[in-house]
Amino acid sequence: MTFENNKHFNLLPCSKIEFSFGTFFFLEKIIISELNEGIHFDWKKIEQVISAIAEHYGDQFEVGFISNRINSYSIEPQLWIDFYKEYNFIIASAIVAYNNFDYKNATLEKHFSKNSIKRCQTLNEAIEWILSLKEFN
């Protein structure tokens, strides 16, 4: 389910940013990504997203990140290591996996992240988990 079709879309104010490789939603405490089918999410694309994030949130902020895997795409898991060397604004992440393959990939990515990554079966579960984190209450 896309974020725009989720009950939280009308409840949580957000900005929608569309890239050629996917759509990102910037909420007060959450960033939600929905990448396009078949793309390879590499460091160049990550830098484009980081630029938009910095423009939206400014210098000092902390958010939860949700990867809403409505489409199949690839990412190099070690990019998490590179990301955390450069940036530290993500408190925790949730990966919404809609099939077993995505769930297994999420398990692999979990090993490369220094922050907590929760594997979820629904977007609602991911949003509610992020919003329940003590850092946001």
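None of the values given here were measured: they were computed from a predicted structure.
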Quiz item: When the ring planes of Phe3 and Phe9 are compared, do they come out parallel, tilted or perpendicular, using 30° and 60° as the limits?
Solution: perpendicular
Exercise. Measure up the Phe21 and Phe24 rings against each other and bin them: parallel (under 30°), tilted (30 to 60°), perpendicular (over 60°).
Key: perpendicular
Quiz item: Any chance CD of Gln121 has more than 12 other-residue heavy atoms, nucleotides or ligands included, within less than 6.0 Å?
Solution: no
Quiz prompt | Min side-chain heavy-atom separation Arg69-Val96 under 4.5 Å | solution = no
Quiz item: Any side-chain donor-acceptor pair under 3.5 Å between Tyr98 and Asn71?
Solution: no
Quiz item: Quick one: salt bridge (charged side-chain N to carboxylate O under 4.0 Å, His left out) partners of Glu62, sequence neighbours excluded?
Solution: none
Quiz item: Can you say whether the rings of Phe83 and Phe89 are parallel (under 30°), tilted (30 to 60°) or perpendicular (over 60°)?
Solution: perpendicular
Exercise. Can you establish whether the number of heavy atoms outside Glu37 located under 6.0 Å from its atom CD is more than 12?
Key: yes
Quiz item: Between His40 and Asp42, do the side chains contain an N or O donor and an N or O acceptor separated by less than 3.5 Å?
Solution: no
Self-check item: Ile31 side chain reached by Tyr57 side chain, heavy atoms, under 4.5 Å
Solution: yes
Practice problem: Check whether Val49 and Ile39 end up in the same hydrophobic cluster, where Ile, Leu, Val, Met, Phe, Trp and Tyr are linked by side-chain heavy atoms less than 4.5 Å apart. | Solution: yes
Quiz item: If only atom types and distance count, is the side chain of Ser132 paired as donor or acceptor with the main-chain N or O of Trp129 below 3.5 Å?
Solution: yes
Quiz item: Taking it one step at a time, do Lys45 and Phe19 satisfy side-chain contact (heavy atoms from CB on, under 4.5 Å)?
Solution: CA-CA 9 Å; Lys45 291 176 180 74; Phe19 296 93; over 6 Å; no
Practice problem: Kindly write out the residues that satisfy side chain to side chain contact (heavy atoms under 4.5 Å, CB included) with Asp59, not counting sequence neighbours, or none if the list is empty. | Solution: none
Self-check item: Within 6.0 angstrom of Glu28 CD, more than 12 heavy atoms from elsewhere
Solution: no
Quiz item: Are Ile75 and Ile32 linked, directly or through other ILVMFWY residues, by side chains that come within less than 4.5 angstrom of each other?
Solution: no
Exercise. Return yes when atom CG of Asn100 has more than 12 non-hydrogen atoms of other residues, nucleotides or ligands closer than 6.0 Å, and no otherwise.
Key: no
Quiz prompt | Between Trp43 and Glu47, a side-chain donor and acceptor under 3.5 Å | solution = yes
Practice problem: Look at the side chain of Asn68 and the backbone N and O of Ile70, then say whether any donor-acceptor pair between them is shorter than 3.5 Å. | Solution: no
Self-check item: Gap separating the CD1 atom of Ile127 from the CG atom of Asn124, nearest 0.5 angstrom
Solution: 6.0 Å
Exercise. Test Ser93 against every option in Ile91, Ile95, Ile90 by the side chain to side chain contact (heavy atoms under 4.5 Å, CB included) rule and name the one that passes.
Key: Ile90
